[in-house]
Amino acid sequence: MSRKIEFEIKSRKCIKPSTSTPPHLKTFKLSLLDQLSPNIHGNMTLFYPYNHASESFSTKSQLLQNSLSQTLTLFYPFAGRLKDASTIHCNDEGAFFIEAQTETSLSDILVNPDFDTLECFLPTTDNETMTMSNGSMLLVRFTLFRCGGTALSISLTHKIADIAALITLLKTWTAACDGATETVVPELATGATLFPPRDIPGMSASVNTVSSEKFTTRRFVFVASKVEELKDRVKTALDEGTMFYPSRVEVVLALIWKCALSASSSKTTSFKPSALFQAVNLRPRMDPPVPDTAVGNFVWPFAVTVEEDSHVELHELVKRMRKGMREFLDRKAEKFKEEGAFGVVMETLKERGEILKKKDNTNTSVVYKCSSWCKFPLLETDFGWGKPVWMSSVNKFGSNTIALMDTKDGGVEAFVTLDFKEMLLFEQDHQLLRYAMLNPSVL
């Protein structure tokens, strides 16, 4: 049940780069993959417990603002505004920074995390902020709890950044907070060089999930020991000819997909084919590899499909996911460079259309989307007052989405968004609850 939490906005201000962007850098070219990314904000909130040795909230806030100003000098497109389909005007209008406070304690949030409550921390949910921010690419909200703990919410447009780009921003920003002489310098031109922009009117890279006006998100935690149990179950079921060591993401995602399909099929009398789109970070998979510090969108989804009920066994789903990834890497990933990217994009969009279209007059594919933040060091983000105790990602991009991230013990945390009625069945699935806990306390 949602809890009503009152917030007081203390200040709203624009943070401009500490050094003006030179005239020859005022126009920033987006890459082809940036063009195809939706102009919507991705959100994350980092929760920091009170540290007796740390500075006051106002001192921390000023440090965050000053260091962000320095960081924006290197990430100058983040301080600009979208000009058209393929360019950003790097006009130094800045990022937007909001200070807020609440009489609620951090422990109240973490004992039973509620998504409606978590959404209240986001800068994008405040109408006055969105009006004043005037199309900001980056918005930050710093919130003080009654107990002295804090929450740092970051909202960054997908038009110019994926999760790896956000990690690079955080590394540079935390280094600036620490006064480090050496910092992580972003590579800004790599995207447009590898994937030159194209004039493609009306083309979209988004995958349409099941349309639903009423959907809901639930949090499931797979502790490390349960993930190992899942791996053992899959390995035991695989035949000798296809033996491989499944990953954490593969086994957890396969179980979620299997249980989601079970909830979906409960509404119909016949099995519906399904497709799962998984986002792949192309940086380490290109030849030569692209540095982690390359800013922009370097992700592309590949599809795994099931056409028959017999294909939904857990080990079969894992096997299909591994095969789909291998085929994507062998056939497409290496072609994602220079002019070759356009051909791959057109080819995969055509394949996607075939997956999504009706198989016959009655059977449409049930589509799911997954993004994994596992192995990204989000819980290492230290601005000078310690590491976060937890991180949440509240992104309402539609139904049938799955977001995965690490837990501190090496397990996996999953945020699953489904149609409201399907979620009622999904969250009670005995197979799922054998391995996952529904929204346990973070503390």
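All values below come from the heavy atoms of this structure, side chains included, with hydrogens, waters and symmetry mates left out.
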(request) Tell me yes or no: between the side chains of Thr174 and Asp382, is some donor less than 3.5 Å from an acceptor? (result) no
(request) Report, as yes or no, whether the 6.0 Å neighbourhood of atom CD on Glu347 holds more than 12 heavy atoms from other residues, nucleotides or ligands. (result) yes
(message) Regarding Glu413 and Thr407, do their side chains bring together a donor and an acceptor under 3.5 Å, going by distance alone?
(response) no
(message) Given 3.5 Å as the limit, does a donor-acceptor pair link the side chain of Lys159 with the main chain of Ser37, or not?
(response) yes
(request) Determine whether the side chains of Ser31 and Asn297 contain a donor N or O and an acceptor N or O closer than 3.5 Å. (result) no
(request) Indicate, with yes or no, if the rings of Phe142 and Phe121 have centres closer together than 6.0 Å. (result) no
(request) Tell me, with the steps shown, if Phe47 and Thr150 meet side-chain contact (heavy atoms from CB on, under 4.5 Å). (result) CA-CA 6 Å; Phe47 293 92; Thr150 55; over 6 Å; no
(request) Taking atom types as modelled, find out whether Thr190 and Glu187 have a side-chain donor-acceptor pair closer than 3.5 angstrom. (result) yes
(request) Answer with yes or no after comparing the ring centroid distance for Tyr50 and Phe145 against a 6.0 Å cut-off, counting only values under it. (result) no
(message) Treating Thr59 as the side-chain partner and Glu55 as the backbone partner, does any N or O pair qualify as donor plus acceptor under 3.5 Å?
(response) no
(message) How about CG on Asp429, more than 12 heavy atoms from neighbouring residues, nucleotides or ligands closer than 6.0 Å, or not?
(response) yes
(message) Pairing donors with acceptors under 3.5 angstrom, does anything connect the side chains of Trp390 and Thr45?
(response) no
(message) Using modelled atom types and a 3.5 Å cut-off, is there a donor and acceptor pairing between side-chain atoms of Asp178 and backbone atoms of Ala180?
(response) no
(request) Could you give me the CA-CA distance, side-chain angles and deciding distance for Phe383 and Leu63, then say whether side-chain contact (heavy atoms from CB on, under 4.5 Å) is met? (result) CA-CA 9 Å; Phe383 289 93; Leu63 177 61; 6.0 Å; no
(request) Give a yes or no on whether the backbone of Glu427 and the side-chain of Arg218 come within a donor-acceptor separation of less than 3.5 Å. (result) no
(message) Pairing donors with acceptors under 3.5 angstrom, does anything connect the side chains of Gln62 and Asn66?
(response) yes
(request) Keeping the roles fixed (side chain from Arg12, backbone from Ser133), state whether a donor-acceptor pair exists under 3.5 Å. (result) no
(message) Counting only heavy atoms not in Lys258 (residues, nucleotides, ligands), do more than 12 fall under 6.0 Å from its NZ?
(response) yes
(message) Pair Thr21, Asp92 - check side chain to side chain donor-acceptor pair (under 3.5 Å), show working.
(response) CA-CA 7 Å; Thr21 302; Asp92 295 339; 2.7 Å; yes
(message) Between Gln65 and Ser61, is there a side-chain donor-acceptor contact under 3.5 Å, judged purely by atom types and distance?
(response) yes
(request) Scan side-chain atoms only and decide if Arg219 and Thr217 contain a donor-acceptor pair under the 3.5 Å cut-off. (result) no
(request) Consider only side-chain N and O atoms of Asp419 and Ser399, and report whether a donor and an acceptor are under 3.5 Å apart. (result) no
(request) Measure from the side-chain N and O atoms of Asp409 to the backbone N and O of Ala224, and report whether any donor-acceptor pair falls under 3.5 Å. (result) yes
(request) Compute both the distance and the angle, then confirm whether Lys214 meets the cation-pi test with Phe420: under 6.0 Å from the six-membered ring centre, within 45 degrees of the axis. (result) yes
(request) For side-chain contact (heavy atoms from CB on, under 4.5 Å), just list the numbers for Arg283 and Asp162, CA-CA rounded to whole Å, side-chain angles, deciding distance to a tenth of an Å, and then say yes or no. (result) CA-CA 11 Å; Arg283 290 173 181 81; Asp162 56 17; 2.9 Å; yes
(request) Please say whether more than 12 non-hydrogen atoms of neighbouring residues, nucleotides or ligands are located less than 6.0 Å from NZ in Lys408. (result) yes
(request) Answer yes or no on whether Arg141 is positioned over the face of Phe7, meaning its NZ or CZ is under 6.0 Å from the six-membered ring centre and within 45° of the axis. (result) yes
(message) Tell me if a side-chain donor or acceptor on Ser69 pairs with a main-chain N or O of Ser18 at a distance below 3.5 Å.
(response) yes
(request) Would you check if the side chain of Asp406 reaches a backbone N or O of Lys375 as a donor-acceptor pair within less than 3.5 Å? (result) yes
(request) May I ask you to check whether over 12 heavy atoms, not counting those of Lys83, lie within 6.0 Å of atom NZ? (result) no
(message) The test is salt bridge (Lys or Arg N to Asp or Glu O under 4.0 Å); show your working for Glu93 and Lys16 and say whether it passes.
(response) CA-CA 6 Å; Glu93 285 194 19; Lys16 298 179 182 292; over 6 Å; no
(message) Quick one: does any side-chain atom of Ser365 pair with a main-chain N or O of Val367 as donor and acceptor, under 3.5 Å?
(response) no
(request) For residues Phe220 and Phe415, establish whether the separation of their ring centroids is below 6.0 Å. (result) no
(message) Do Trp373 and Ser393 pair up side chain to side chain, a donor and an acceptor below 3.5 Å, judged on atom types alone?
(response) no
(message) Using modelled atom types and a 3.5 Å cut-off, is there a donor and acceptor pairing between side-chain atoms of Ser105 and backbone atoms of Asp108?
(response) no
(request) Look at atom NZ of Lys26 and say whether more than 12 heavy atoms of other residues, nucleotides or ligands are closer to it than 6.0 Å. (result) yes
(request) Please report the C-alpha distance between Leu194 and Val290 in whole Å, then the side-chain angles of each, then the deciding distance to 0.1 Å, and finally whether the side-chain contact (heavy atoms from CB on, under 4.5 Å) criterion is met. (result) CA-CA 10 Å; Leu194 286 175; Val290 174; 3.4 Å; yes
(message) Any donor-acceptor pair under 3.5 Å linking the side-chain atoms of Ser67 with those of Trp173?
(response) yes
